[in-house]
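Contents: one structure, followed by commentary.
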2 protein chains.
Amino acid sequence: MNKVFKALADPTRRRVLELLRQRPMTAGELSDQFAVSRPTMSAHFAVLREAELIDAHKQGVTITYRLKLSVLEDALLGFSSIFGIGVPDTGPAPTMSTVPAKERAP
Amino acid sequence: MNKVFKALADPTRRRVLELLRQRPMTAGELSDQFAVSRPTMSAHFAVLREAELIDAHKQGVTITYRLKLSVLEDALLGFSSIFGIGVPDTGPAPTMSTVPAKERAP
DNA sequence: TCCATATTTAGCTAATTATCGAAATATGGT
DNA sequence: ACCATATTTCGATAATTAGCTAAATATGGA
């Protein structure tokens, strides 16, 4: 949870997630959208991967990154629900530590 | 928007917001909940205020901080909507005025 | 095997951040 | 006027972060 919010604190990383929302993209494709060097982008990818907001798979020499929407969703909904944001106020107020990972349909 | 996410990146600040969800509290009251010095807490308050996530008003020698829920709400819902993360809109979203600081006598 | 390509790792610097103790400021009470 | 209290500001430091270039790694093709 903390790693997710840390990852979201940087606008470049938020934009990466936004791009990946449309479709999985390679590291190079993503890097082309930003005015920073590839090593810098690589570091951003590492932060997002560490937070499990994206995952990577290698096909030959390229690496394709994909958004793990469920992780983002869990963090945002979990945090929002603490404040009663966006959800009807049913039951006791959850805290950050008691908010369980949301069950996802298979 | 960026300032809000930067503010949310720190767990102490997230916890402050969570405490303020229940009721407005003074700087001292809030500081007592954490194992860091008062100057450090004061700096956290400044970051939250800069992001407009809280506001302050002074009564005598004490300063009471209050959550500005609508700002948090706008940021979270705004960002979530980019990803189509469904916050089921059942009825009006809660605002500051619907989450009173203190329960009034019926 | 050698070369080009995609990406990461290494090593560095500059900027930002979290933290502290000490001092300053503001207020209310005696 | 003086003192105690609540809080912030100041000044310093250590840790983290974002950024760079150069070098390393891995893969596929000629």
Side-chain angles (χ1 to χ4, degrees), chain A residues 1-20 22-68 72 75 96, chain B residues 1-20 22-68 75 79 101:
Chain A
M1 168 68 120
N2 191 38
K3 279 181 181 175
V4 170
F5 276 100
K6 283 259 205 279
L8 293 180
D10 185 277
T12 295
R13 289 193 292 263
R14 288 200 302 277
R15 180 78 184 128
V16 167
L17 296 179
E18 203 175 318
L19 289 169
L20 289 179
Q22 301 162 38
R23 60 185 167 83
M25 292 175 78
T26 67
E29 260 181 311
L30 287 166
S31 296
D32 286 344
Q33 309 290 318
F34 299 88
V36 299
S37 71
R38 268 140 208 264
T40 296
M41 290 304 297
S42 184
H44 283 309
F45 300 150
V47 171
L48 290 169
R49 220 171 34 215
E50 185 64 26
E52 296 193 274
L53 285 166
I54 63 177
D55 60 12
H57 55 290
K58 199 167 187 172
Q59 303 145 351
V61 78
T62 72
I63 297 179
T64 298
Y65 286 110
R66 184 174 40 180
L67 177 64
K68 290 174 77 174
L72 182 60
M96 247 180 297
Chain B
M1 169 71 135
N2 192 38
K3 279 181 181 174
V4 170
F5 275 101
K6 284 258 203 278
L8 293 179
D10 184 276
T12 295
R13 289 194 290 262
R14 287 199 303 276
R15 180 78 184 127
V16 166
L17 295 179
E18 200 176 321
L19 289 169
L20 290 180
Q22 301 162 38
R23 59 184 168 83
M25 293 175 76
T26 67
E29 262 182 309
L30 287 166
S31 294
D32 287 345
Q33 309 289 320
F34 299 89
V36 299
S37 72
R38 268 140 207 266
T40 296
M41 289 304 297
S42 183
H44 283 309
F45 300 149
V47 171
L48 290 169
R49 221 172 33 216
E50 186 63 26
E52 294 192 276
L53 285 165
I54 63 177
D55 60 14
H57 55 289
K58 199 167 187 174
Q59 304 145 353
V61 79
T62 72
I63 296 177
T64 298
Y65 286 110
R66 183 176 41 179
L67 177 64
K68 289 174 77 172
F79 185 68

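Both backbone and side-chain heavy atoms feed into the values below; hydrogens, waters and symmetry mates do not. Residue numbering restarts at 1 for every chain, and letters A, B, ... go by the order of the sequence lines.
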**Report entry** Rounded distance (Å) that lies between atom P of D/dA26 and atom CD of A/Q59
**Finding:** 18 Å
Report task. With salt bridge (Lys or Arg N to Asp or Glu O under 4.0 Å) as the test, would you mind laying out the steps for A/R23 and A/E29 before giving the verdict? Result -> CA-CA 11 Å; A/R23 60 185 167 83; A/E29 260 181 311; 3.1 Å; yes
Requested in this report: Using whole Å, report how far NE2 of A/H57 lies from P of D/dA26.
Outcome: 20 Å
Query raised in the report: Using a cut-off of less than 4.0 Å, is there contact between a side-chain N or O of A/R38 and OP1 or OP2 of D/dC20?
Result: no
Query raised in the report: To the nearest Å, how far apart are B/M25 CE and D/dA6 P?
Result: 14 Å
Query raised in the report: Phosphate oxygens OP1/OP2 of C/dT19: is one of them under 4.0 Å from a side-chain N or O of B/S37?
Result: no
Report task. Answer with base, sugar-phosphate or nothing: what part of the nucleic acid does A/T26 contact at a heavy-atom distance below 4.0 Å? Result -> sugar-phosphate
Query raised in the report: Atom CG of A/D10 and atom P of C/dT16: how far apart are they, to the nearest Å?
Result: 13 Å
Report task. Please state how far atom CD1 in A/I54 lies from atom C1' in C/dT8, giving the value in whole angstrom units. Result -> 14 Å
Query - Short side-chain N/O contact from B/H44 to OP1 or OP2 of C/dT17, under 4.0 Å - result: no
Query - B/P39 side-chain proximity, nearest of C/dG21, C/dT8, D/dA26 - result: C/dG21
Query raised in the report: Do the non-hydrogen side-chain atoms of B/K68 and B/L17 ever get within less than 4.5 Å of each other?
Result: no
Report task. Classify the nucleic acid contact of A/T62 as base, sugar-phosphate or nothing, counting any heavy atom under 4.0 Å across all strands shown. Result -> sugar-phosphate
Query - Of A/F45 and A/K6, the one whose closest DNA chain C nucleotide lies more 5' - result: A/F45
Query - A/K6 NZ: over 12 foreign heavy atoms closer than 6.0 Å - result: yes
**Report entry** Nearest-nucleotide 5' precedence on DNA chain D, A/A43 against B/R49
**Finding:** B/R49
Requested in this report: Please work out whether the ring planes of B/F5 and B/F79 are parallel, tilted or perpendicular, with thresholds of 30° and 60°.
Outcome: perpendicular
Query raised in the report: Looking only at side-chain N and O atoms, does A/T40 come under 4.0 Å of OP1 or OP2 in D/dG19?
Result: no
Report task. Would you kindly give the CD1-to-P distance between B/I63 and C/dG28, to the nearest whole Å? Result -> 13 Å
**Report entry** Euclidean distance, atom CG of residue A/L30 to atom P of C/dT7 [Å, nearest integer]
**Finding:** 9 Å
**Report entry** For atom CD of A/E50 and atom P of C/dT8, their distance in whole Å
**Finding:** 14 Å
**Report entry** Contact nearer the 5' end of DNA chain D, comparing A/M41 with A/V61
**Finding:** A/M41
Requested in this report: Look at all strands and tell whether A/F34 reaches a base, only sugar-phosphate, or nothing, counting heavy atoms closer than 4.0 Å.
Outcome: nothing
Query - Note, A/M41 side chain near A/V16 side chain (heavy atom, < 4.5 Å) - result: yes
Query raised in the report: Is there a side-chain polar atom (N or O) of B/Y65 under 4.0 Å from OP1 or OP2 of D/dT8?
Result: yes
